[in-house]
Amino acid sequence: MSKIDADQIQWTLIRTEDWGGGPEHTYRAENVEHADCGGDVHQVHLHDAMGGLLRAHSQCAKCGEDLTS
């Protein structure tokens, strides 16, 4: 398994929703897939009502595995 340089990942915003306390932005890694199942890698950013980042996590869109390290 090879490590991926974070600077090489190209993220595309695919969805914005309101989770009740602010916006939730979901991004897809354009050039990365989950090694276990081949699914798209997503990164989700939860923001508060003022736009501050509360939490960010990565997950597989296909199998749902948490990929946050």
- Query: Just by distance, do the side chain of N31 and the backbone of Q10 share a donor-acceptor pair under 3.5 Å?
  - Reply: yes
- Qualifying residue for side-chain contact (heavy atoms from CB on, under 4.5 Å) with T16, from L13, D18, I14: L13
- Query: Shortest non-hydrogen contact from W11 to V41?
  - Reply: CZ3-O, 4.0 Å
- For residues C37 and C63, report the shortest heavy-atom separation together with the two atoms involved. SG-SG, 3.9 Å
- Can you get from V32 to L67 by hopping between Ile, Leu, Val, Met, Phe, Trp and Tyr side chains that sit under 4.5 Å apart? yes
- Carefully, step by step, assess D40 and K62 under the rule side-chain contact (heavy atoms from CB on, under 4.5 Å). CA-CA 7 Å; D40 288 340; K62 186 174 181 181; over 6 Å; no
- Message: Just to verify, what does H34 make a ring-ring contact (aromatic ring centres under 6.0 Å, His included) with, not counting sequence neighbours?
- Response: none
- Hey, what's the ring geometry for H47 with H25, parallel, tilted or perpendicular (30° and 60° as the breaks)? perpendicular
Show the atom names and distances, to 0.1 Å, of all donor-acceptor pairs under 3.5 Å that link a side chain in residues 50-59 to residues at least two apart or in another chain.
{"from": "H57", "atom 1": "NE2", "to": "Q59", "atom 2": "OE1", "distance (Å)": "3.1"}

- Query: Would you say the ring centroid of Y27 lies under 6.0 angstrom from that of H42?
  - Reply: no
- Scan for salt bridge (charged side-chain N to carboxylate O under 4.0 Å, His left out) pairs involving residues 26-38, sequence neighbours excluded, and state none if there are none. R28-E30
